[in-house]
Protein chains: 2
Amino acid sequence: MKIGELSRATGTNIETIRYYERIGLLPPPARTDANYRSYDGGHRARLSFVRHSRDLGFTIEEIRSLLDLSDHPDRDCSEADRIATRHLQQVEEKIAQLSALRDELQRIVGRCRGGLAGDCRVIEALGDHGQCEGAH
Amino acid sequence: MKIGELSRATGTNIETIRYYERIGLLPPPARTDANYRSYDGGHRARLSFVRHSRDLGFTIEEIRSLLDLSDHPDRDCSEADRIATRHLQQVEEKIAQLSALRDELQRIVGRCRGGLAGDCRVIEALGDHGQCEGAH
DNA sequence: TATGCAGCCTGTAGCCACTACAGGGTCAAG
DNA sequence: CTTGACCCTGTAGTGGCTACAGGCTGCATA
């Protein structure tokens, strides 16, 4: 299959596929006489693996390790578990951060009465150093 | 105050302060005879505003608009409210996304029994197209 | 007076994970 | 024989910094 078909089959941008090849995440495929890339099922599976991993937020380097494990079924898979567990922790941290941030934004947004910028609580709150809570 | 003091006072990297000046977020300060940047309280307040906004996840362009409003107290502040509300929505969406992602990661991580990579459920799950749920 | 070192300056390049061209070649249909 | 979809390489841009390289200034100490 040509790059456009692979792109449609996996929902991956053509430029991204070439990018993955350039950084060594996908092996260089065979070429047609016209120098077009020619992919097979293995490439497709590998790209799906990469996309699914990216969708889950793994970094390229993490995916490189995971692919490496998947290429060597005889190795111990605890490394894969470690990567996934650490990533899960990071996601949980990020959620906690964003939740705190959402709370502060909600406090700020709720205060706008639609007057002039000079009296605006939103702008005022941003100028504060975060101690607006107990300040008045 | 010199750039190092401003850096300590606001918890902002020196390179970042110069970066903000370069992109026009902070006005160029006066210079000493030795060509050192010389900041005043106004600069400090503005930088605090920027840092606080960045901590809340506003983009540079959004901060530019917010600063513009804060520079013109006679304008209507509904624009500030609009920016903050939209940003809040984005944060909420992000949290929802990450929560879904966390759930999937938890499912994946919980399945590793520590065997060989060839039998690893983590790697297997990543290779799937996300239909692993009802598949077996 | 010499010397060392912290701090400042400019300018450029790197980070991540793409994305978007420019400028060209290839191929099948009409 | 032309049109238009598709493919190629190579380079530069995105956001928001961060990290140098290579050089200047200012102050304390020997």
Side-chain angles (χ1 to χ4, degrees), chain A residues 1-26 28-39 43 46-67 83 87 90-91 94 97-98 101, chain B residues 1-26 28-40 43 46-67 83 86-87 90-91 94 97-98 101:
Chain A
M1 71 196 321
K2 285 190 285 181
I3 199 168
E5 297 168 73
L6 182 63
S7 165
R8 280 186 297 276
T10 61
T12 312
N13 198 320
I14 287 182
E15 323 265 23
T16 305
I17 297 176
R18 288 198 280 248
Y19 167 70
Y20 286 161
E21 180 183 332
R22 203 159 61 242
I23 64 172
L25 216 56
L26 292 183
R31 297 284 184 138
T32 69
D33 291 348
N35 199 31
Y36 287 10
R37 287 173 178 81
S38 180
Y39 296 98
H43 286 101
R46 198 175 179 90
L47 181 53
S48 295
F49 186 104
V50 171
R51 286 316 306 172
H52 191 196
S53 304
R54 284 294 301 135
D55 286 345
L56 287 169
F58 288 99
T59 66
I60 297 287
E61 289 315 304
E62 285 166 341
I63 296 171
R64 229 185 266 283
S65 302
L66 292 170
L67 279 171
I83 292 171
H87 183 55
Q90 285 167 359
V91 168
K94 190 77 193 172
Q97 269 176 30
L98 285 178
L101 208 146
Chain B
M1 70 195 322
K2 284 190 286 182
I3 199 168
E5 297 168 75
L6 183 63
S7 164
R8 281 186 297 276
T10 60
T12 312
N13 198 319
I14 288 182
E15 323 266 24
T16 305
I17 298 175
R18 287 199 280 249
Y19 167 70
Y20 286 161
E21 180 183 332
R22 204 160 61 243
I23 64 171
L25 215 55
L26 292 182
R31 297 285 184 137
T32 68
D33 291 349
N35 200 33
Y36 286 9
R37 286 173 179 81
S38 181
Y39 297 98
D40 61 21
H43 287 102
R46 199 174 177 88
L47 180 53
S48 295
F49 186 103
V50 171
R51 286 315 307 171
H52 191 194
S53 304
R54 283 295 299 138
D55 286 344
L56 287 169
F58 288 100
T59 66
I60 298 286
E61 288 315 304
E62 283 167 341
I63 296 171
R64 227 185 267 282
S65 302
L66 291 170
L67 278 171
I83 291 172
R86 192 189 50 201
H87 182 54
Q90 285 166 359
V91 169
K94 190 80 192 167
Q97 268 174 31
L98 285 178
L101 206 147

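In the text below, chain A, chain B and the rest are named by the order of the sequence lines, each starting its count at 1. Values reported hereafter were calculated over all heavy atoms of this structure, with side chains retained and with hydrogens, waters and symmetry mates removed.
A distance of 6.5 Å separates NE2 in A/His87 from CG in A/Leu56, rounded to the nearest 0.5 Å.
Residue B/Ile14 is classed as a sugar-phosphate contact, given heavy-atom separations below 4.0 Å to backbone atoms only. Nucleic acid contact class of B/Tyr20 (heavy atoms, under 4.0 Å, all strands): sugar-phosphate only. Using a 4.0 Å heavy-atom distance criterion, B/Arg18 is classed as a base contact.
Look at CD1 on A/Ile23: it is 14 Å from C1' on C/dT19, rounded to the nearest Å. Rounded to an integer number of Å, the gap from CG of B/Asn13 to P of D/dG15 is 20 Å. One atom, CD of A/Glu21, and another, P of C/dC18, lie 15 Å apart when rounded to the nearest Å. Regarding A/Ile60, its CD1 atom lies at a distance of 5 Å from the P atom of C/dA17, rounded to whole Å. Rounded to a whole Å, the CG atom of B/Leu6 is 15 Å from the P atom of C/dG7. For B/Tyr19 and C/dT10, the OH to P distance is 17 Å, given to the nearest whole Å. Atom pair B/Arg22:CZ and C/dT10:P shows a separation of 10 Å (rounding to whole Å applied). Counting to the nearest Å, the C1' atom of D/dA5 and the CD atom of A/Glu5 are 13 Å from each other.
We find that A/Glu5 and A/Arg8 are not joined by a salt bridge, their nearest charged nitrogen and carboxylate oxygen being 4.0 Å or further apart.
Inspection of the A/Asp55 and A/His52 side chains reveals no N or O donor paired with an N or O acceptor under 3.5 Å. Counting only N and O atoms by type, the side chains of B/Arg51 and B/Tyr20 include a donor and acceptor under 3.5 Å apart.
Each of B/Arg51 and B/Tyr36 was matched to the nucleotide of DNA chain D holding its nearest heavy atom; the match closer to the 5' end belongs to B/Arg51. Place B/Thr59 and A/Ile3 on DNA chain D by their nearest nucleotides, and A/Ile3 ends up nearer the 5' end. Between B/Lys2 and A/Asp33, the residue whose closest nucleotide on DNA chain C is further toward the 5' end is B/Lys2.
A sub-4.0 Å separation between OP1 or OP2 of D/dG16 and a side-chain N or O of B/Thr16 is absent. OP1 or OP2 of C/dC9 sits under 4.0 Å from a side-chain N or O of B/Arg37. Taking only side-chain nitrogens and oxygens, A/Asn35 never comes nearer than 4.0 Å to OP1 or OP2 of D/dC8.
With hydrogens and angles ignored, the 3.5 Å screen pairs a side-chain donor or acceptor of A/Ser53 with a backbone N or O of A/Phe49.
Among D/dC20, C/dC18, D/dG16, the nucleotide with an atom closest to any side-chain atom of B/Glu15 is D/dC20.
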